[in-house]
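The sequence lines fix the lettering, A, B, ..., with proteins before strands; numbering per chain opens at 1.
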Amino acid sequence: MDTEPTSPLAITAPTFRRVALAMAGIGLGLGGVVAWLTPAARAAQADLAAAEQQRDSVRREAAAAGDSLSAALAAKGGAPGDTAYLVVSIAENRLWLKRRDSVLFTTRVATGTGGELKRVGSKAMWKFDTPRGRLKVERKDENPMWAPPDWHFVELAKKRKLKLVFLRAGMTVPLPDGSMIALSGNDVVRRSPNGAEVPYDAREGREIIVGRRLIVPPLGTHQRRFAGVLGPFRLYLGDGYGIHGTDIPSSIGRSASHGCIRVRNEDIEALYQLVPVGTPVFVY
Amino acid sequence: MTSSGRLGAALLVILGAGVAALGGRAYHLGRVTLDGRRAAGVARASAESLGVRVAATREQALVARLRAEARALPGLLLAVALDSNEATLFRDGLPLRRMPVERATGPLPTGAPALARGEYVVGRVAGPKDTVEVPTWAWTGRGMPAPAERRLKGGLGPVVVELVDGPWLYARHPEGTLADSAFVLPGALRFAPRDLQVLKPNLQVGTPVYIY
């Protein structure tokens with residue numbers, strides 16, 4: 001029988017059907033996988049985009065936070081200046097001379113008692129507080145004289161039950177021996193009947209007392225300038241306050257002053273050397 | 001080859017090419033999905049790690065800002081550094097007095113506020129005769145029942161400084177509600193009694209207090 005030679009590519013109908021069905025099956029299967037993967041791939045891409053967006057946003061926040069940290073670190077006030085300053089604690093009666101965080105000098109002091117004094121028959125009242133806050137050394141005094149304020153005489157009169165007599169220009173106070181107390185220039189004098197005048201030698205503890213009367217010399221007179229009371233030096237803080245030495249060293253370490261800051265005489269000598277005019281003084 | 005055989009072969013080739021294309025597309029999509037998910041995970045982890053660092057940097061920036069402000073602000077203020085447990089009384093940016101402080105550690109009892117960094121002002125300075133409402137966690141924090149009446153005279157000691165919307169500054173007690181030296185009131189700062197006595201006349205209503 002003569003048969004047509006079979007080509008290798010020639011496919012018989014049953015084989016073709018089987019192969020075509022198999023390939024269609026594979027194709028459908030793959031089509032299904034593609035159809036299933038397409039939304040998943042889209043979701044993955046969207047997820048990635050969102051995650052990248054989040055990362056970028058956090059990066060921007062990190063940059064902003066870093067900037068604000070740099071700004072905060074660069075802000076003024078990182079470290080105190082080089083200026084030395086005095087600190088006084090009223091509660092502890094202590095003084096420090098500091099620079100930055102170093103203590104250059106420290107000692108005990110006496111500060112205000114916090115007490116009050118009222119002048120009988122007057123509205124005048126004093127409170128003996130050391131002022132809290134920021135002061136400064138306005139000037140430095142050597143051998144400062146103390147011009148006692150009125151409260152010194154009011155306090156003494158109260159303590160010794162004396163009557164106060166505030167001496168004024170043109171006023172005289174007669175004495176039992178016929179002489180009188182009067183003002184002559186910048187002195188309080190004892191004027192004899194013959195006109196001779198002898199200036200009084202007044203100082204702390206030796207005020208002018210006649211009988212039960214305490215004579216208060218006017219401000220500016222030599223009899224209202226007491227030497228030695230404030231020690232050898234004073235750092236004047238303004239408004240009548242100062243850091244000074246004392247003639248009562250036993251008062252140091254206590255709340256004993258009328259508002260000034262007292263230190264021992266050897267300490268005020270050291271402070272006078274160490275502290276320049278303009279130094280800030282912080283009292284708390 | 002017959003014409004039907006050639007047509008069959010051509011169809012098979014076309015079908016084969018289609019299947020191959022679908023297979024390639026499926027492979028590509030599979031890679032895209034996997035890579036996309038992996039990359040998203042990496043990006044998210046990176047964002048989280050950056051987020052942690054941002055939070056830390058923000059905290060650092062807050063501390064640095066408060067510290068700088070405390071030194072730059074004129075006048076009197078109290079600054080408390082939580083990292084070193086130290087309070088400093090400043091005037092015009094200069095340190096006048098440094099004081100140790102203590103704060104509670106560990107989990108907070110119910111209702112107790114966390115000690116938050118920030119700028120506060122003094123709202124009240126109470127003395128031993130002033131009535132203070134002692135918080136419940138002063139007792140519950142130690143496993144004790146809180147009494148019904150918690151408004152006590154000197155309840156938080158002889159000196160207590162209340163900050164507006166902020167913590168209490170109080171001192172160790174020799175006796176009374178908080179006489180337990182091992183217990184620091186959560187949400188409060190505990191000072192040495194002497195330090196708080198020294199601070200008392202200096203802290204007025206409105207005095208700034210920086211906690212950083």
Salt bridge between B/R44 and A/E52, side-chain N to carboxylate O under 4.0 Å?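 Not counted as a salt bridge, because no side-chain N and carboxylate O are separated by less than 4.0 Å.
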
Salt-bridged, B/D92 to A/R134, with N to O below 4.0 Å?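 Yes, this pair counts.
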
Taking the side chain as every heavy atom from C-beta outward, state whether A/Y85 and B/P95 have any pair of such atoms under 4.5 Å apart.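 Yes; the side chains approach each other to less than 4.5 Å.
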
If you count heavy-atom pairs within less than 4.5 Å of chain B, which of A/E92, A/Q45, A/K98 leads?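 Answer, by heavy-atom pair count under 4.5 Å with chain B: A/E92.
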
For [X], which atoms come within 4.5 Å of any heavy atom of chain A: side chain, backbone, both, or neither?
| X | value |
| --- | --- |
| B/R194 | side chain |
| B/L73 | neither |
| B/L96 | both |

If we ignore angles and hydrogens, is there a donor and acceptor under 3.5 Å between the side chains of B/R91 and A/Y284?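 No, no side-chain donor-acceptor pair sits under 3.5 Å.
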
Could you walk me through whether B/R58 and A/E61 pass side-chain contact (heavy atoms from CB on, under 4.5 Å), step by step? CA-CA 9 Å; B/R58 279 218 185 99; A/E61 280 181 49; 2.9 Å; yes

Identify the two heavy atoms, one from A/A51 and one from B/A40, that lie closest to each other, and give their separation to 0.1 Å.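 Shortest heavy-atom separation between A/A51 and B/A40 comes out as CB-O, 3.4 Å.
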
In terms of heavy-atom contacts, does CZ of B/R98 have more than 12 from other residues, nucleotides or ligands at under 6.0 Å?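 Result for CZ/B/R98: enclosed.
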
Heavy-atom distance under 4.5 Å to chain B: side chain of A/R42, backbone, both or neither?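 Contact with chain B: none, neither part.
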
